[in-house]
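Residue numbers start at 1 and run along the sequence shown.
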Amino acid sequence: SDDNGQYYAPNFGVDQIGDLSIDDGYELFPSGMDNQMVSVSGAPVNLETTISINAAQFNMLPYLPQGCLDTDVIFAGHEANILIVKDDIGTYYVPNFGVMTLTEMCPGEGYEIFLSSADGIDFMYPSGDMARASSEQSEFWSNYRINSVSTQYEIAKTGISHPIIITELNGSVEIGDELVAYAGNMVVGATKIVDLDSPVVISAWGGYHEYGVDLDGYTLGDKIDLRLWSNSEGRELRVVADLDEDEFGAGPLTTGTASASMEDAVPTKFNLSQNYPNP
């Protein structure tokens, strides 16, 4: 599919897309259980190709350069216009919140981009000396990605992700604890705390149950339930979160603050008190 609502579904004889275009990106879901490889040959693409990025929608963004580049270098000068850039493995570039788990962009990959501005932009990839630059921010977030991988929870990456960015995490939390996202009783995302002074980024994964495919994950509209796995306590603690959206998929991303208490995330004991007079 493309970002104009057009589809190629060969098993149903549908082809609304026709010829592929170098200034468009595409999203693909295979029908089989095996990975597939698509090869493209031809002359290198002209990096002066202009890509139109529309406001108020997710845009599929193709990657045209012949080598990998740091994400903040690629979008230098456009930061104020970008809400989020994301890939299919749950990494993100969110410049307004200083987040760059999507540290670099590479050939053979496609990306989604959502603008924060009310107007679209005309975008070109950098070339020359600018393209060879590197950033300290990229090094920091590369280390963050490595060290924040959950060791307490196994979560299937379905390619459908919703980012949760906690700008401030207070209370009973230590380095090495894990912030966990639940949808009902299902864990859909978890990340290890590696720096108490930096944003905490959770990739929450959506489910899919169609055409013989059964992937566990959140369903659009599920309530976001955050908990904290405490290493020192060996249990999940209650988290009170103040989020701009409290449902998965309600917007391009969810942001907010959170505080962890020493209470159990889920009560394990219940008590019925004696009756007493009420005035």
Side-chain angles (χ1 to χ4, degrees), residues 84 86 89-94 96-102 137 140-158 160-207 216-271 273:
I84 185 171
K86 60 187 294 190
I89 62 171
T91 60
Y92 314 104
Y93 174 57
V94 191
N96 290 338
F97 291 91
V99 169
M100 198 172 81
T101 54
L102 177 60
Q137 187 181 19
F140 171 84
W141 284 105
S142 292
N143 292 330
Y144 180 97
R145 282 183 58 184
I146 295 171
N147 297 322
S148 64
V149 175
S150 171
T151 53
Q152 291 294 328
Y153 303 88
E154 290 187 9
I155 301 159
K157 296 182 177 182
T158 63
I160 308 165
S161 74
H162 180 82
I164 303 172
I165 300 174
I166 302 301
T167 57
E168 187 176 336
L169 180 59
N170 297 314
S172 303
V173 57
E174 300 175 345
I175 300 294
D177 293 347
E178 297 192 21
L179 193 60
V180 192
Y182 276 82
N185 294 321
M186 182 185 301
V187 177
V188 295
T191 188
K192 188 172 291 186
I193 308 300
V194 298
D195 187 340
L196 295 175
D197 296 322
S198 299
V200 180
V201 184
I202 305 175
S203 299
W205 295 95
D216 287 336
Y218 68 78
T219 300
L220 292 179
D222 282 349
K223 294 290 185 181
I224 297 173
D225 175 18
L226 297 182
R227 307 176 191 178
L228 184 84
W229 169 263
S230 171
N231 275 331
S232 59
E233 293 290 318
R235 59 189 173 104
E236 287 185 345
L237 303 181
R238 180 170 178 261
V239 171
V240 176
D242 181 14
L243 306 175
D244 61 350
E245 299 283 358
D246 63 355
E247 297 178 354
F248 291 105
L253 71 164
T254 294
T255 63
T257 59
S259 180
S261 72
M262 289 300 292
E263 300 176 24
D264 285 331
V266 178
T268 56
K269 294 182 180 179
F270 298 88
N271 184 58
S273 321

Of all pairs that satisfy salt bridge (charged side-chain N to carboxylate O under 4.0 Å, His left out), the ones with a partner from [range], not counting sequence neighbours:
| range | result |
| --- | --- |
| residues 180-202 | none |
| residues 247-256 | Lys223-Glu247 |
| residues 146-155 | none |

Leu226 to Ala241 - nearest heavy-atom pair and separation: CD1-CB, 4.0 Å

Minimum heavy-atom distance Ser172-Asp177, with the two atoms named: O-OD2, 4.3 Å

Supply the atom-to-atom distance [X] [atom1] to [Y] [atom2], rounded to the nearest 0.5 angstrom.
| X | Y | atom1 | atom2 | value |
| --- | --- | --- | --- | --- |
| Asn143 | Ser148 | CG | OG | 10.5 Å |
| Leu169 | Leu228 | CG | CG | 6.5 Å |
| Asp242 | Ile166 | CG | CD1 | 9.5 Å |
| Ser198 | Glu168 | OG | CD | 12.5 Å |
| Leu102 | Ile89 | CG | CD1 | 8.0 Å |
| Asn96 | Ile165 | CG | CD1 | 9.5 Å |

Whether Asn147 side chain and Val194 backbone form a donor-acceptor pair below 3.5 Å: no

Contacts of type salt bridge (Lys or Arg N to Asp or Glu O under 4.0 Å), residue Asp225, not counting sequence neighbours: Arg227

Passing candidate, side-chain hydrogen bond (donor to acceptor under 3.5 Å, both in side chains) with Glu178, options Asn231, Thr151, Thr191: Thr151

Audit row: Asp222, Val188, side chain to side chain contact (heavy atoms under 4.5 Å, CB included) steps and yes/no: CA-CA 11 Å; Asp222 282 349; Val188 295; over 6 Å; no

Val94 vs Pro163 side-chain heavy atoms within contact, under 4.5 Å: no

Pairs satisfying ring-ring contact (aromatic ring centres under 6.0 Å, His included), at least one member in residues 173-194, at least two apart: none

ring-ring contact (aromatic ring centres under 6.0 Å, His included) contacts touching residues 221-261 (sequence neighbours left out): Tyr218-Phe248

Can you name the residues that form a side-chain hydrogen bond (donor to acceptor under 3.5 Å, both in side chains) with [X], not counting sequence neighbours?
| X | result |
| --- | --- |
| Ser161 | Tyr92 |
| Tyr144 | none |
| Thr158 | none |
| Asp264 | Arg235 |

CA sep, side-chain torsions, deciding dist, call: Leu179, Ile164, side chain to side chain contact (heavy atoms under 4.5 Å, CB included): CA-CA 11 Å; Leu179 193 60; Ile164 303 172; over 6 Å; no

Set of residues satisfying side-chain contact (heavy atoms from CB on, under 4.5 Å) with respect to Ser232, sequence neighbours excluded: Glu174, Ser230

Under 3.5 Å, which donor-acceptor pairs do the side chains of residues 250-261 form with other protein atoms, sequence neighbours left out?
from   : atom 1 : to     : atom 2 : distance (Å)
Thr254 : OG1    : His162 : NE2    : 2.7
Thr255 : OG1    : Asp244 : OD2    : 3.1
Ser261 : OG     : Glu263 : N      : 3.3

